[in-house]
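Note sheet for the following structure.
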Amino acid sequence: MLTNSKRKNVAFLGAGSIANKVAPMLKQARFHPYAVGSLNHAKEFAFRHGFEKFYTNYEKLLEDKNIDLVYINTPHSLHYEHIKICLENYKNVLCEKSFTLNFKQAKELIELAKTKKLLLAEAIWTRYMPYINIIKDFLAKDLIGEIVSIEANLAYNVMHKNRITSLGLVEVLCLMLEFILLILHLVF
């Protein structure tokens, strides 16, 4: 559970490319870069981003009682397993998209988090982009007529991205689906 202290210790489970983008934002958000767990890059990542500790074993990372939140940024296919082990070790979790590979896994993890009274959230950034406020403003002023269809486009070429040929497609699709669901929520 999150402590009441001012400093919130965040641990990263994984040290890949997205972690390198998120790590610098921790201090801006008043979180403390406390520990990183990575099977291959923990020491280098910790040094580069100012994390106090590093672990090359996930189980050892999760035994650390000073961790308030674990940010999971490992490959999609491992999210279910990694979220579950974090929750079983009483760690709050923020997981990169896509959260899990299917509804059954997501439901199980949500129930586990509820039972243990832990935070479990998916990191969806599209909800916080500046254009969302523009859309809200348009809707509030009735500048948009009746919505009969929605088209979502990330507006960048993904034809030659290796990640699109595998589960990476799930990552792109979930961003567009999140956008569509947000718009529908605002309208109805």
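What you see is a predicted model; the values in this text were computed from it and never measured.
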Original post:
Side-chain heavy atoms under 4.5 angstrom apart, residues restricted to Ile, Leu, Val, Met, Phe, Trp, Tyr: same cluster for L78 and Y55?
Top reply: no
**OP:** Would you please test L69 and L119 for side chain to side chain contact (heavy atoms under 4.5 Å, CB included) and show each step?
**Re:** CA-CA 8 Å; L69 175 78; L119 170 73; 4.0 Å; yes
Original post:
Between atom CD of E63 and atom CG of N57, what is the distance when rounded to the nearest 0.5 Å?
Top reply: 7.5 Å
Subject >> Approximate separation, where rounding is to 0.5 Å, of L118 CG and N89 CG >> reply: 10.5 Å
**OP:** Report yes or no: do I110 and F103 belong to one cluster of Ile/Leu/Val/Met/Phe/Trp/Tyr joined by side chain heavy-atom distances under 4.5 Å?
**Re:** no
Original post:
Checking D64 side chain against N66 main chain: does a donor-acceptor pair fall under 3.5 Å?
Top reply: yes
Original post:
side chain to side chain donor-acceptor pair (under 3.5 Å) with Y58: which residues, sequence neighbours excluded?
Top reply: none
Subject >> Nearest heavy atoms of K8 and F31, plus distance in Å >> reply: CB-CD2, 3.5 Å
Original post:
Mind checking what makes side chain to side chain contact (heavy atoms under 4.5 Å, CB included) contact with E88, not counting sequence neighbours?
Top reply: K84, L112
Subject >> With S38 via side chain to side chain donor-acceptor pair (under 3.5 Å) - residues at least two apart >> reply: none
Original post:
About how many Å separate OG1 of T100 and CG of L109, when rounded to the nearest 0.5 Å?
Top reply: 6.5 Å
**OP:** For the pair H49 and N20, evaluate side chain to side chain contact (heavy atoms under 4.5 Å, CB included) and give the outcome as yes or no after the intermediate values.
**Re:** CA-CA 8 Å; H49 295 291; N20 280 291; 2.7 Å; yes
**OP:** Please tell me if the side chains of I18 and Y71 come closer than 4.5 Å, counting only heavy atoms from C-beta onward.
**Re:** yes
**OP:** Decide side chain to side chain contact (heavy atoms under 4.5 Å, CB included) for F99 and H76; before the verdict, give the C-alpha distance in whole Å, the side-chain angles of both, and the deciding distance to 0.1 Å.
**Re:** CA-CA 7 Å; F99 186 63; H76 304 123; over 6 Å; no
Original post:
Looking at OG1 of T74 and CD1 of I83, how far apart are the two atoms once the value is rounded to the nearest 0.5 Å?
Top reply: 8.0 Å
**OP:** Go through the structure and list residues passing side chain to side chain donor-acceptor pair (under 3.5 Å) with K141, not counting sequence neighbours.
**Re:** D137
Original post:
If you look at every heavy atom in I85 and E59, which pair is closest and at what distance?
Top reply: CD1-OE2, 3.8 Å
Original post:
Any idea which heavy atoms bring C86 and L62 closest together, and the distance?
Top reply: SG-CD2, 3.7 Å
Subject >> N92 versus D68, closest heavy-atom pair with distance >> reply: ND2-O, 2.9 Å
Original post:
Please walk me through it: do V70 and L94 pass side chain to side chain contact (heavy atoms under 4.5 Å, CB included)?
Top reply: CA-CA 6 Å; V70 176; L94 175 64; over 6 Å; no
**OP:** Flag yes if F47 and L61 sit in one hydrophobic cluster, no otherwise; membership is Ile, Leu, Val, Met, Phe, Trp, Tyr, and two members link when side-chain heavy atoms are under 4.5 Å apart.
**Re:** no
**OP:** Could you list the residues that satisfy ring-ring contact (aromatic ring centres under 6.0 Å, His included) with H41, not counting sequence neighbours?
**Re:** none
**OP:** Taking E52 for its side chain and Y34 for its backbone only, find out whether a donor-acceptor pair lies under 3.5 Å.
**Re:** no
**OP:** Please report the closest heavy-atom contact between L139 and I144, naming both atoms and the distance.
**Re:** CD2-CD1, 4.1 Å
Subject >> Partner set under ring-ring contact (aromatic ring centres under 6.0 Å, His included) for F51, not counting sequence neighbours >> reply: F12, F45
Subject >> Within-4.5 Å side-chain heavy-atom neighbours: H32 and L26 >> reply: no
**OP:** Any chance you could measure C95, atom SG, to L120, atom CG, to the nearest 0.5 Å?
**Re:** 8.0 Å
Subject >> N/O donor-acceptor pair under 3.5 Å between Q105 side chain and L101 backbone >> reply: yes
Original post:
About how many Å separate NZ of K43 and CZ of F54, when rounded to the nearest 0.5 Å?
Top reply: 5.0 Å
Original post:
Do you know which two heavy atoms are closest between A46 and K53, and how far apart they sit?
Top reply: CB-O, 4.0 Å
Original post:
Given the rule in the ring pair (Phe, Tyr, Trp, His ring centres under 6.0 Å) test, do H82 and H79 qualify, once you have shown the distances and angles that lead to the verdict?
Top reply: CA-CA 5 Å; H82 290 161; H79 285 180; 7.7 Å; no
